[in-house]
Amino acid sequence: MAIKQFKTESKRLLDLMANSIYTNKDIFLRELISNASDALDKLHYLSLTSSDVKENDPHIEISVDAKNRLLTISDNGIGMNREDLDNNLGTIAKSGSLDFKEALENKGDVDIIGQFGVGFYSAFMVADQIEVHTKKVLEDKAYLWKSTSNEGYEIKNDTQEETGTRIVLHIKEDNEEFKYSKYLDKDELQLLIKKYSDFIRYPIKMEVEVTKATEKEGETKTEVENKTINSMIPLWKKNKKDIKEEDYEEFYMQSFYDYNKPLKTIHYSVEGNTSYTALLYIPSIAPYNYYTTDYKLGLKLYSKGVFIKDEAKELVSDYFRFIRGLVDSDDISLNISREILQQDHQMAMIKKSIDKRIKSTLEKMLKDEREDYEKFFKEFGAQLKFGAYENYGQNKDVLIDLLLFKSSKEDKYTTLKEYVSRMKENQKDIYYAVGDSIEKIKAMPQIERLLDEGYEVLYFLENVDEFMASILMSYEDHPFKSINKGDVDFESEDEKEKTKKENEDNKDILETIKTSLDGKVDEVRLSARLKSHPVCLVSDDGLSLEMEKVLNDMNQNAGIKAKRILEINPDHELFKALKKTFDAKEEITDYAKVLYDQALLIAGFKIEDPVEYTKLISSLMVKAMQ
Ligand code: ADP
């Protein structure tokens with residue numbers, strides 16, 4: 001019998017398969033099992049339309065002959081005749097050979113294999129010879145298709161009597177890189193079947209040895225049992241009303257190794273151009289590595305109940321990466337030979353729809369389950385804030401109304417919308433204060449008057465907050481204004497006029513203070529924003545002092561410097577006293593230094609020279625007591 005050559009594309013793929021070292025070899029089992037399941041589907045369909053065709057206990061069987069290194073996968077499905085064998089197993093990538101070739105070329109390596117599956121040929125990753133014994137339904141003759149991959153294949157008559165297909169893999173010998181023998185280990189095979197094919201609709205059977213207790217105490221016996229390995233009906237395919245809350249929770253905790261129950265379960269199906277079912281969870285606690293690059297997205301992709309891949313990043317936007325669960329779509333093909341571009345498009349559609357669903361769920365929680373939403377936000381809110389400002393605020397419309405900030409209104413969480421609804425009549429700006437804690441913010445000199453006059457101030461407690469505000473700039477046309485910066489103007493026109501005049505009248509003394517500080521500050525001015533405090537340090541409109549801190553923490557050599565403005569309270573006793581001593585220039589210099597250091601301390605910075613500071617204070621104290 002002449003040996004036939006594979007078609008060109010097939011050969012190329014075969015080489016890739018036989019030599020692949022990077023690919024996840026385990027997937028060959030998934031591929032063969034889903035082919036078997038398809039063959040059973042086809043027979044089932046025929047049995048509905050033709051009275052000659054009967055199903056007889058449709059199932060898939062896995063058996064192992066470890067001694068001879070044989071792994072067999074059989075099904076009693078539709079089977080193949082000679083023509084089928086030639087057409088189906090002689091050519092790969094029948095329908096989309098061009099796309100496949102392109103994908104190979106564009107994506108470079110074998111990554112695509114693990115992601116999409118390439119069907120029957122993947123068995124050559126683990127086997128150096130494959131035999132397919134098969135007999136098609138309603139036909140008399142059985143055939144044997146045999147190949148050692150690169151040599152091509154041959155087809156002979158076979159003696160198989162039952163309808164169906166039996167695929168025998170001669171498992172490769174172990175080498176240093178890989179222990180192929182794992183595919184001859186029944187425990188290992190059971191794990192793989194559970195992982196990849198648990199929800200195949202037909203039973204996947206395997207003869208396994210089970211140890212049982214005998215009637216005699218302490219004695220056991222080993223029996224061979226024909227066990228069904230897969231659980232067949234996936235939870236997410238069940239009718240929602242038949243699923244209990246505990247079922248969802250258990251599934252979550254088992255699938256994602258989380259000891260905590262999920263905060264929220266989202267289970268729904270979409271019918272249409274791209275149909276899919278999603279079972280999604282919002283965890284109640286962020287994983288310890290959530291805000292690091294080690295974090296792995298817990299979203300799985302299935303196609304008709306067959307596991308395709310973990311970490312399905314293409315199915316959800318990065319700002320919702322806390323979501324866990326799975327998506328099962330009938331429209332995503334296992335086989336790369338079908339339109340790969342089409343798949344990309346379908347994936348994009350699903351992603352859009354999933355994003356929308358997560359968003360509406362969060363919105364609903366925010367509205368109806370505030371407590372839970374706040375719990376969620378504590379864990380994952382920083383991610384949303386980051387999402388709102390990254391790429392210059394490209395996604396801000398999606399996310400902005402989901403953001404919460406602590407605010408001076410009872411120190412509780414508020415949305416921006418709620419803040420705006422409470423703004424004072426004449427208020428244009430959204431005020432925020434940056435600090436490590438609510439206590440520290442409340443102690444800031446700058447905040448006192450604002451709060452006294454009934455303005456609400458958002459507490460920006462996380463590094464991400466101010467970066468977000470500086471990129472987004474405003475919310476519903478209300479600019480974000482930092483009270484730690486120089487341009488907060490809530491004063492009346494009269495007041496502003498008064499302050500301006502005061503600044504002019506005291507030009508000399510302010511100038512002297514600035515000179516005394518020897519370049520440490522860019523400006524010294526009187527300000528009406530202070531109430532009981534004598535001084536404060538602010539920055540101007542651009543980079544804030546807090547951002548300076550964050551950026552320099554991230555990169556020690558950044559040497560980033562915000563503009564520093566020393567603001568003095570003109571109504572404070574201290575300033576009045578300063579004016580009196582203005583003539584004693586030497587003392588003014590000392591006072592200026594002390595004032596500046598105090599402003600630094602209160603803004604949460606280190607003072608440059610603590611020794612000089614204490615010396616100055618001591619000498620001033622001595623003078624005061626003399
Ligand atoms: P795909 O299943 O995506 O079409 P494969 O390379 O896995 O690609 O299989 C090629 C074809 O071979 C299948 O479409 C099917 O017609 C046939 N085939 C494979 N396995 C079986 C089987 N167990 N029983 C019947 N036909 C099969």
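Order of appearance sets the numbers: ligands from 1, and atoms from 1 within every ligand.
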Check your understanding: Taking N or O atoms only and a 3.5 Å limit, does Phe120 qualify as a polar contact for ligand 1?
Key -> yes

**Study point:** Test: Lys146 and Glu131 ion pair at under 4.0 Å
**Key:** no

Review point. What part of Leu32, side chain from CB on, backbone N/CA/C/O, both or neither, has a heavy atom under 4.0 Å from ligand 1?
Key: neither

Review point. With only distance considered, is Tyr121 within less than 3.5 Å of ligand 1 through an N or O on each side?
Key: no

Revision key, fill the gap. Contact region, Leu89 to ligand 1, non-hydrogen atoms below 4.0 Å, reads side chain

Check your understanding: Considering the options Ile266, Val270, Ile323, Leu362, which one meets the side chain to side chain contact (heavy atoms under 4.5 Å, CB included) requirement together with Arg357?
Key -> Ile266

Exercise for review: Applying side-chain contact (heavy atoms from CB on, under 4.5 Å), name anything that partners Glu369, two or more places apart in sequence or on another chain.
Suggested key: Lys264, Met365, Asp372

Review point. Side chain, backbone, both or neither: which part of Glu31 has a heavy atom under 4.0 Å from ligand 1?
Key: neither

Check your understanding: Is the closest N or O pair between Asp38 and ligand 1 shorter than 3.5 Å?
Key -> no

**Study point:** Among Thr165, Asp86, Ile155, the one residue meeting side chain to side chain contact (heavy atoms under 4.5 Å, CB included) with Trp145
**Key:** Ile155

Point to revise | Worked verdict on Ile167 versus Ile130 for side chain to side chain contact (heavy atoms under 4.5 Å, CB included) | key: CA-CA 7 Å; Ile167 298 177; Ile130 299 178; 3.9 Å; yes

